[in-house]
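Notes follow the structure.
Note: hydrogens, waters and symmetry copies are ignored here, and every other heavy atom, side chains too, is used.
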Amino acid sequence: MLKSLILSGLLCLGISLADAQTLTMPPEIQQAYTNGTRAMNGKPGKKYWENHARYHIALTVTPPSNNIRGVEQITYFNNSPDALKSLNMKLIVNVHRAGGRGGSADTSAGIKVDELLINGVKTSWDNSVAITTNQMVDLAQPLAPHDSLKLNITWHYNLSKRPGRDGVIDSTSFYIAYFYPRVSVYDDYKGWDTQPHTGSLEFYNDFNDYTLDVTVPKNFIVWATGTLVNPNEVLQPEYAQRLEQSLTSDSTVHIATKQDLIDKKITQQNTTNTWKWAATNVSDMAIGLSDHYDWDAASVVVDNKTQRRTSMQAAFADSAQDFHHSVQYGRYSLAWFSNNWPGVPYPYSKSNAFQGYADMEYPMMINDSHTPDLTFAELVQDHEQAHTYFPFYMGTNESRYAFMDEGWATTFEYLIGMAERGQKAADAFYKNFRVTRWTHGKHEKENPVITPSPDVTFGAGNNAYGKPSLSYLALKDLLGDKLFKKALHNYMSNWNGKHPIPWDYFNSMISGSGKDLNWFFYNWFFTPGYIDLALVKSDKTSDGYALSVKNIGGFAVPFDAIATYADGTTESFHQTPMVWKENQKDITVNIKTSKAVKSITLDGGIFMDANDKDNTWVAN
């Protein structure tokens with residue numbers, strides 16, 4: 001009753017329901033805007049900051065032993081206005097000890113720190129809590145604003161024998177990720193990121209600079225995030241030359257074939273070789289290695305203005321036929337994403353598809369599983385490549401707001417799918433894989449998309465993938481491609497290399513489009529809505545028909561009113577989500593036609609209706 005009175009009062013004052021729908025913020029996020037670290041125009045505030053580090057990591061790996069030994073030096077820069085009395089260290093690989101991602105606990109896993117020095121002083125570390133993915137380390141002296149410190153850490157752990165996001169793929173093929181102690185994010189709205197990882201949530205990292213040395217026995221090839229800086233030291237001249245050739249080749253170069261691997265003549269024949277990698281302004285490093293994986297590579301122009309090329313590589317078992325196509329799949333997707341959606345040149349010098357088990361993205365690396373279905377293999381690779389932009393180009397907090405990366409990757413997966421297979425096939429896959437289960441499921445427990453990922457209690461996958469993707473596509477329909485891309489580029493330009501939160505997205509799209517979109521974002525992100533329209537009635541007018549449409553589910557979706565005429569022909573009248581701006585429950589849609597109508601049906605296309613039995617009106 002009170003809500004009704006308030007809304008009635010607003011209407012009397014000339015304030016529409018749409019204008020009354022404000023995008024509420026939790027207190028800590030409101031404080032960030034008050035403090036000036038974020039601005040309501042969508043840009044980082046004048047006082048915005050983020051912390052940064054330089055990592056030098058050296059790993060020793062000796063398959064078939066799964067023991068990983070590492071030494072690292074971290075130079076950590078405190079750009080915040082706060083004196084830090086402690087550091088929160090992330091130990092994500094410890095998730096295996098807790099039995100994350102549905103597996104049983106692996107008691108042999110978990111990082112063991114052998115030594116920790118802070119500014120050269122030995123510091124205590126409690127290895128008894130290696131089950132946790134966070135460990136707070138107190139500092140002898142607070143780290144002052146705009147100062148730095150050095151951490152030297154020696155550690156070891158056993159790589160999980162249950163392959164997934166990381167792990168032993170076979171006795172001499174490993175995928176190594178989340179493998180080093182790192183300083184977690186300290187940000188302007190929550191302070192230290194202490195979100196525990198149970199295996200289902202993803203990640204939140206600062207943008208750092210890395211050098212990585214990986215020492216392995218001879219005849220092992222290493223692939224990793226970044227640029228290989230010493231190919232001539234680890235590869236025989238012929239293979240170093242093949243790698244060099246691939247960097248300017250559109251055609252796939254077979255750097256290491258099955259026969260080459262059998263002949264064991266690819267690497268320098270030292271007892272061990274140290275592969276050296278470098279990457280700047282990235283959020284993480286990942287590594288793949290094997291002594292029997294094929295190695296293919298080519299390159300593609302990703303920036304037509306500068307003619308900059310990106311290397312596309314693949315590492316895989318020779319028997320995996322889908323991976324024999326990976327380089328060309330990748331060349332197509334990298335160029336398409338760069339020139340179409342999002343229409344931002346791929347930002348890195350390389351991408352690598354590595355055969356594993358996770359179907360998971362990492363900076364410049366993809367850990368994909370093998371499938372005999374080539375269409376599905378291409379689609380999964382497209383999805384992981386799309387993640388380059390969200391969360392790597394845009395440093396979103398996946399562990400708190402998963403829809404800020406998974407929703408976009410799902411959207412780009414659909415858009416590139418139309419280019420690859422046509423709209424009919426792309427629509428069918430999107431509906432079957434991303435929408436059907438949700439739209440035909442139960443909706444009484446829906447969580448608004450804005451709900452922080454750890455707090456989602458129902459349909460977590462829907463909140464991360466399908467629902468936000470549909471919102472992005474609905475906004476694209478509302479604004480039109482040109483204005484939508486202008487607004488999207490405004491958001492990406494504002495927050496590339498930074499840590500955007502949902503309100504930065506909302507505000508950037510509003511300022512970039514110049515449109516009032518508060519009502520739209522409130523509808524899609526702050527309500528427990530779903531998709532269910534009903535065509536209540538259709539009244540004849542002087543120039544056509546007036547359709548009374550009820551929005552049972554609540555989401556502001558586009559739809560087509562498809563008229564079937566008495567002569568058997570049909571005509572479609574498209575309605576963008578703008579029709580819902582003033583009233584998101586009941587609207588009248590006028591369609592103009594002089595022909596006699598037999599029936600009218602509401603059709604949302606990929607915006608599938610939970611109950612389409614009430615979507616048709618039939619003339620008497």
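Screening residues 269-281 for salt bridge (Lys or Arg N to Asp or Glu O under 4.0 Å) gives no qualifying pairs among residues at least two apart or on separate chains. Screening residues 215-238 for ring-ring contact (aromatic ring centres under 6.0 Å, His included), with sequence neighbours left out, gives Trp223-Trp295, Trp223-Phe354. Evaluation of the salt bridge (Lys or Arg N to Asp or Glu O under 4.0 Å) test over residues 133-160, restricted to residues two or more places apart or in two chains, returns none. Evaluation of the salt bridge (Lys or Arg N to Asp or Glu O under 4.0 Å) test over residues 204-220, restricted to residues two or more places apart or in two chains, returns none.
Under the side-chain contact (heavy atoms from CB on, under 4.5 Å) criterion, Arg242 pairs with Glu238, Tyr239, Val253, Ile255, Asp260, sequence neighbours left out. In this view, Asp368 satisfies the salt bridge (charged side-chain N to carboxylate O under 4.0 Å, His left out) rule with no residue, not counting sequence neighbours. Every residue two or more places apart in sequence or in another chain that forms a side-chain contact (heavy atoms from CB on, under 4.5 Å) with Thr34 is listed here: Gln30, Gln31. For the salt bridge (charged side-chain N to carboxylate O under 4.0 Å, His left out) test, residues two or more places apart in sequence or in another chain that qualify with Asp188 are Arg38. Scanning for side-chain hydrogen bond (donor to acceptor under 3.5 Å, both in side chains) contacts around Gln245 gives an empty result, with sequence neighbours left out. Here Asp284 pairs with Tyr180, Arg182 under the side-chain hydrogen bond (donor to acceptor under 3.5 Å, both in side chains) rule; sequence neighbours left out. Applying the salt bridge (charged side-chain N to carboxylate O under 4.0 Å, His left out) test to Asp187 and every residue at least two apart in sequence or in another chain returns nothing.
Put simply, the side chain of Asn208 does not reach to within 4.5 Å of the side chain of Val183, judged on heavy atoms. With contacts defined as side-chain heavy-atom distances shorter than 4.5 Å, the pair Asn447/Thr457 qualifies. Using a 4.5 Å cut-off on side-chain heavy atoms (C-beta onward), Ile287 and Phe179 make contact. Put simply, the side chain of Tyr357 does not reach to within 4.5 Å of the side chain of Tyr175, judged on heavy atoms. Between Ile176 and Ile68, some side-chain heavy-atom pair lies under the 4.5 Å cut-off. With a 4.5 Å cut-off on side-chain heavy atoms, Asp504 and Tyr33 count as touching. Side-chain contact between Leu149 and Gln141 is absent, with no heavy atoms from C-beta onward closer than 4.5 Å.
The neighbour count for Lys498 NZ, taken as heavy atoms of other residues, nucleotides or ligands under 6.0 Å away, is above 12.
Donor-acceptor pairing under 3.5 Å is recorded for the side chains of Gln269 and Asn219. Under 3.5 Å, the side chains of Tyr389 and Asn496 contain no donor-acceptor pair of N or O atoms. Using modelled atom types, one finds a donor on one side chain and an acceptor on the other under 3.5 Å when comparing Ser299 with Arg309. A donor and an acceptor atom, one from each side chain of Thr60 and Thr215, are nowhere located under 3.5 Å apart. A donor-acceptor contact under 3.5 angstrom links the side chains of Trp125 and Asn127, judged on distance only. Counting only N and O atoms by type, the side chains of Asn397 and Ser399 include a donor and acceptor under 3.5 Å apart. Neither side chain, Asn281 nor His52, offers a donor N or O lying under 3.5 Å from an acceptor on the other. In this model, a donor atom of one side chain and an acceptor atom of the other lie less than 3.5 Å apart for Ser369 and Asp359. Counted by atom type alone, Asn490 and Ser493 present zero donor-acceptor pairs between their side chains at under 3.5 Å. Side-chain atoms of Gln381 and Ser326 include a donor-acceptor pair closer than 3.5 Å. Thr267 and Gln236 share no donor-acceptor pair across their side chains, judged by distance under 3.5 Å alone. No side-chain donor-acceptor contact under 3.5 Å links Asn67 and His156.
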Quick one: do His146 and Trp49 satisfy side-chain contact (heavy atoms from CB on, under 4.5 Å)? Show the steps, please. CA-CA 11 Å; His146 311 296; Trp49 54 266; over 6 Å; no
Apply the test side-chain contact (heavy atoms from CB on, under 4.5 Å) to residues Thr154 and Val113: give CA-CA distance (whole Å), side-chain angles for both, the deciding distance (0.1 Å), then the verdict. CA-CA 6 Å; Thr154 304; Val113 170; over 6 Å; no
Does the side-chain contact (heavy atoms from CB on, under 4.5 Å) test come out yes or no for Glu202 and Asp405, once each step is laid out? CA-CA 10 Å; Glu202 295 188 7; Asp405 75 295; 4.1 Å; yes
side-chain contact (heavy atoms from CB on, under 4.5 Å) evaluation trace for Leu116 with Asn152: CA-CA 6 Å; Leu116 169 63; Asn152 290 85; over 6 Å; no
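In this pair, Phe323 and Phe316 present their aromatic rings parallel. The plane angle is below 30°, not in the 30 to 60° band. Classification of the Tyr178-Tyr362 ring pair by plane angle, with boundaries at 30° and 60°, yields tilted. Ring geometry, Tyr204 versus His499: the interplanar angle exceeds 60°, so the pair is classed perpendicular (tilted spans 30 to 60°). Under the 30°/60° scheme for interplanar angles, the aromatic rings of His383 and His387 are found to stand perpendicular.
Residues Asn232 and Gln268 share a closest heavy-atom pair of O-NE2, 3.4 Å.
Rounding to the nearest 0.5 angstrom, the gap separating the CG atom in Leu235 from the CD atom in Glu244 is 11.5 Å. Expressed to the nearest 0.5 Å, how far CD of Gln195 lies from CZ of Arg400 amounts to 8.0 Å. Here the straight-line distance linking atom OG of Ser184 with atom CG of Asn88 works out to 3.5 Å at 0.5 Å rounding. The CZ atom of Phe412 lies 13.5 Å from the CD atom of Gln385; values are rounded to the nearest 0.5 Å.
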Please list every donor-acceptor pair under 3.5 Å in which a side-chain atom of residues 76-85 meets a protein atom from a residue at least two apart or in another chain.
residue : atom : partner : partner atom : Å
Tyr76   : OH   : Asn51   : ND2          : 2.9
Asn78   : OD1  : Ser80   : N            : 3.1
Asn78   : OD1  : Ser80   : OG           : 2.7
Asn78   : ND2  : Asp82   : O            : 2.9
Asn78   : ND2  : Leu143  : O            : 3.1
Asn78   : ND2  : Ala144  : O            : 3.2
Asn79   : ND2  : Glu50   : O            : 2.9
Ser80   : OG   : Asp82   : N            : 3.1
Ser80   : OG   : Asp82   : O            : 3.3
Asp82   : OD2  : Tyr186  : OH           : 2.7

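Screening Thr194, Asn134, Thr133 for a side chain to side chain donor-acceptor pair (under 3.5 Å) involving Lys90 leaves a single residue, Asn134. Checked against Met312 for a side chain to side chain contact (heavy atoms under 4.5 Å, CB included), the options Val300, Leu334, Asn352 give a single hit: Leu334.
Residues Phe403 and Phe525 bring their aromatic ring centres within 6.0 Å. For Tyr505 and Tyr491, the ring centers are positioned less than 6.0 Å apart.
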